[in-house]
Every structure is written in C-alpha cells, then in structure tokens.
Amino acid sequence: MKKVEAIIRAEAFISLREALSHRGFSGLTVSEAAGCGKQKGKQGIFRGNKFEINLVPRVKVEMVVDDDQVEGIIDLIVEQCSTETVGDGKIFIYPVEEVVRIRTGERGKEAVL
C-alpha cells in the first residue's frame, strides 16, 4: 500500500473530489495548509500600505491506496488540478507498512476499504 499526499490549490479541490468519487475512491483526509515554493507568496495592499503574504493557502489531500492504484490516482490529480502555472502543487508518495482499523482491529487492505 501507498499513501498519496497532494498539496493543491483550494479552488481545484471540488473537481478533484468529484473525480475521485466518480472513479470509486471514497476514503480521503483533507486538511487546510499554507506554504510557498517558487511562487514565493504575493504582495497585497491594504489602506495604501503594501504587505507581503509569504504563505499561500492550499489544501492537503491524503489517501491510502493499493500499489496498483497509485499511477491512476496521480494521473487523476494532475488532470484535475493542473493549470500549467507555478503554484499548482505537489504529489508525494509514501510506502505504508500497516493499517489498522481501530473499531474492529482489521489490518491491511481490509482496514482501508
């Protein structure tokens, strides 16, 4: 199993969620995030004063999937979230050793489904 973690633009989340649901992926965790990369934030003006916003709001989407589903998930995220501009986000893939469902004690794939 693998954990797929995607940091995406907030406005891309709804279309990604719908696409994941349409393809049968229902289990995911979503968190608000903030960060910067090549974008390096942006400049704002409030009452005539300039200020820097160094951290840009993002959404972090996490899911644990079978190894054979990883490429399909990556393709789906890129398809739904790419605007082909700086700041579209990143996808990280991590190996998952074990999963345990707290309620039943199930382990492995059965705990994820």
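Fair warning: this is a prediction, and the values are worked out from it, not measured in the lab. All residue numbers refer to positions in the sequence shown, counting from 1. Computation of the quantities below employed the complete heavy-atom set of this structure, encompassing side-chain atoms and omitting hydrogens, waters and symmetry-equivalent molecules.
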According to the side-chain hydrogen bond (donor to acceptor under 3.5 Å, both in side chains) rule, which pairs have a member within residues 59-77, sequence neighbours left out?
Lys3-Glu62
Any donor-acceptor pair under 3.5 Å from Asp88 side chain to Ser82 backbone:
no
Assess the residue pair Ile73 and Leu20 against the criterion (side chain to side chain contact (heavy atoms under 4.5 Å, CB included)); give the C-alpha distance rounded to whole Å, side-chain angles, the decisive distance to 0.1 Å, and a yes or no.
CA-CA 8 Å; Ile73 292 284; Leu20 286 167; 3.9 Å; yes
Are Val78 and Ile93 connected into the same hydrophobic cluster when the rule is that any two of I, L, V, M, F, W, Y join if their side-chain heavy atoms are below 4.5 Å apart?
yes
Co-membership, hydrophobic cluster, residues Ile74 and Phe25, 4.5 Å side-chain
yes
Is Phe13 reachable from Met63 through a run of I, L, V, M, F, W or Y residues, each pair having side-chain heavy atoms under 4.5 Å apart?
yes
Is it the case that one hydrophobic cluster holds both Val64 and Val100, taking links as side-chain heavy atoms less than 4.5 Å apart, direct or via other members?
no
For the atom pair CD (Glu79) and OG (Ser15), what is the distance rounded to the nearest 0.5 Å?
9.5 Å
In Val30, Ile77, Leu28, the residue satisfying side chain to side chain contact (heavy atoms under 4.5 Å, CB included) with Leu16 is Ile77
Enter the distance from Ser31:OG to Arg58:CZ here, rounded to the nearest 0.5 Å.
15.0 Å
Shortest non-hydrogen pair, Val96 vs Lys2, comes out as CG2-C, 3.7 Å
What I'd like to find out is whether the side chain of Arg17 reaches to under 4.5 Å of the side chain of Val59, using heavy atoms alone.
no
Got a sec: does the CD of Glu11 have more than 12 other heavy atoms crowding it under 6.0 Å?
yes
Starting at CD of Glu5, measure out to NZ of Lys90 and round the result to the nearest 0.5 Å.
13.0 Å
Can you get from Ile8 to Ile91 by hopping between Ile, Leu, Val, Met, Phe, Trp and Tyr side chains that sit under 4.5 Å apart?
yes
For a quick test of your reading: what N or O donor-acceptor pairs under 3.5 Å do the side chains of residues 104-113 make, sequence neighbours left out?
| from | atom 1 | to | atom 2 | distance (Å) |
| --- | --- | --- | --- | --- |
| Thr104 | OG1 | Glu106 | N | 3.2 |
| Thr104 | OG1 | Glu106 | OE1 | 2.9 |
| Glu106 | OE1 | Arg101 | NE | 2.8 |

